[in-house]
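Shown next, in structure tokens, is the structure this report addresses.
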There are 2 protein chains.
Amino acid sequence: MIDKTSPLPIYYQLVEWIKGLIERGELKPGDSLPSEREYAERFSISRMTVRQAITELVNGGYLYRQKGVGTFVAEKKIEQQLMGLTSFTEDMKSRGMEPSSKLVGFEIVPAPSYISHQLNIMEHAPVYEIKRIRLADGIPMALEKTYISANLVKGLTEETVQHSLYHHIENQLAIKIEEATQVLESSVATQQEAEYLNIQKGAPILLIQRNTKLADDTPLEVVKSSYRADRYKFMITLKR
Amino acid sequence: MIDKTSPLPIYYQLVEWIKGLIERGELKPGDSLPSEREYAERFSISRMTVRQAITELVNGGYLYRQKGVGTFVAEKKIEQQLMGLTSFTEDMKSRGMEPSSKLVGFEIVPAPSYISHQLNIMEHAPVYEIKRIRLADGIPMALEKTYISANLVKGLTEETVQHSLYHHIENQLAIKIEEATQVLESSVATQQEAEYLNIQKGAPILLIQRNTKLADDTPLEVVKSSYRADRYKFMITLKR
DNA sequence: TGCATCTACTGGTATAGACAACTGTACTTA
DNA sequence: TAAGTACAGTTGTCTATACCAGTAGATGCA
């Protein structure tokens, strides 16, 4: 576990070890860690060294401390960030509206060629196509289409999709989400989008495409969201 | 400077003090700090306490360390982030294109009402209106209009604008840029935009508006950029 | 002159110990 | 029963010290 003769710093070995426990799911979000003193004793190292390791993990967002109580595993980071940036739910709530979601399509289809390319699978290989309408106060705001390779993620059901898709995926694959890229562009509504969103064909649309990758660089999903431009703006805040 | 009887932790006092030096410009980007040992001696505190303070500032992006050499003041953070997210220059270069910029308007005008509102000034108060066209490989990609209160920033010239606007502003105001908000939306080209960008009126446009605030919460500028939707997409990457 | 070496400095890692501040639980007391 | 108290355990802060590793400049030699 900890090798004092290694050229790698002790605190760094501890960082990597704990990170591993979290990534392999042996420590789950909300779990408490052994106390700093316990780690120090267990590995026969100084408590300050343990603190250095834990401080790194806290800064990295893996853990959080609670004075007088203990140290705990934090929620997963990317999911947080994805939320922070694109969560329809959060956005709408902050504007005082009531968000909801309606599943309007769930099937396995042969991948359209540009999707197969982005998911790095064979053309026409089977993919889940999950269509949702996002509403705020009951008004349609966006059409969201999610594509996931059916050979990669198995056993998706309408049930799963309605609840925690990410959780199901990470559990099944035992590989964590590593990176997400979002591309925003301006476009005009297609016939299909116009129907679902209750607008004119050709009306301005904000297209947001998110590509999510796993830790081993496998593309996991492509999510295409079409937002009504008259009702939705995308906001980012940068703080010093 | 450092008050050992204060209820505030010593390392925290040191963090705030150094942060103050940087924000007041007494320490400029690239400047070297006294060594950790020197700080420890000067304030009669332990070197580990000094390290704790400096580590915080390093994590916060204010400083960076160089082993065997010293500790230095980092470049300003927001400017970096603004660059990372919206820099036309960076974006175009990464796509292998040659970015350039053409100043097409520089005048002082009475603020349009929505601008005066966002800059928190009187309606019709004078503002600089700076119009630029952004080009890639000589092709117009975006029209960018910047509004800055003329009562806040004085003595702007066409010269200054062509070079380092931010630098000039921070020097003159002695207040740092604190926060920036970006709003992206989809729209269609107005007559003016169509002319400048050489597209049809009504063609899809990606509107990006950036509002920058100073540390004391004064709005500094409003930048409205209109990008050709057929040529420009906005990308964000989230890494774990 | 040019190269190697020495030296004095920097930050990086690690120890062992001390006390403070905070929290939850178990116990005592009115 | 309800409120207060004591205690044990946690993280937070701080000290004094030691040695390692990297860097730059001075020194000395061929």
* Short side-chain donor-acceptor distance under 3.5 Å, Ser46(B) and Arg51(B) -> no
* Structure fact -> When rounded to whole Å, the CG to P distance for the pair Asp3(B) and dC14(D) reads 12 Å
* Using atom CD of Gln13(B) as one end and atom P of dT13(D) as the other, report the distance to the nearest whole Å. => 12 Å
* Nearest-neighbour nucleotide for the Met48(A) side chain, dG17(C), dG11(C), dG12(D) considered -> dG17(C)
* Kindly say if Thr49(B) contacts the phosphate of dT15(D), meaning a side-chain N or O under 4.0 Å from OP1 or OP2. => yes
* Which residue lies toward the 5' end of DNA chain C, Ser35(B) or Ile45(A), if each is placed at its nearest nucleotide? -> Ser35(B)
* Asked: Could Glu38(B) and Arg42(B) be called an ion pair, given the rule that one side-chain N must be under 4.0 Å from one carboxylate O?
  -> yes
* Asked: Nearest to the side chain of Arg51(B), which nucleotide is it out of dG17(C), dG12(C), dT11(D)?
  -> dG12(C)
* To do: Whole angstrom is fine here: how far is it from CD in Glu41(B) over to C1' in dT10(C)?
  => 15 Å
* **Arg65(B) CZ to dT10(C) C1', straight-line distance once rounded to whole Å** => 11 Å
* To do: Starting at atom CD1 of Ile10(A), determine the distance to atom C1' of dT15(C), rounded to an integer number of angstrom.
  => 10 Å
* Asked: Counting any heavy atom closer than 4.0 Å, what does Tyr11(A) reach on the DNA or RNA strands: base, sugar-phosphate only, or nothing?
  -> sugar-phosphate
* Quick one: which of dT13(D), dT15(C), dT15(D) gets closest to the side chain of Lys4(A)? -> dT15(C)
* Grab the CZ-P distance between Arg47(A) and dG12(D) for me, whole Å please. => 8 Å
* Nearest-nucleotide pick for Lys67(A), side chain only, options being dG11(C), dT15(D), dC22(C) -> dC22(C)
* Between dT11(D) (P) and Gln52(A) (CD): distance, integer Å -> 17 Å
* Asked: Without hydrogens or angle criteria, can the side chains of Thr218(B) and Asp216(B) be said to hold a donor-acceptor pair below 3.5 Å?
  -> yes
* Structure fact -> The answer to which of Pro34(B) and Gln66(A) contacts DNA chain C further toward the 5' end, by nearest nucleotide, is Pro34(B)
* What is the ring orientation for Phe43(A) with Trp17(A), classed by angle as parallel under 30°, tilted 30 to 60°, or perpendicular over 60°? -> perpendicular
* Minimum heavy-atom distance Arg231(B)-Met141(B), with the two atoms named -> O-CE, 3.4 Å
* Structure fact -> Separation of dT11(D) atom P from Tyr39(A) atom OH, nearest Å, is 10 Å
* Structure fact -> With the side chain defined as heavy atoms from C-beta on, Arg37(A) is closest, among dT11(D), dG22(D), dC14(D), to dT11(D)
* Between Thr71(B) and dG11(C), does any side-chain N or O lie under 4.0 Å from OP1 or OP2? -> yes
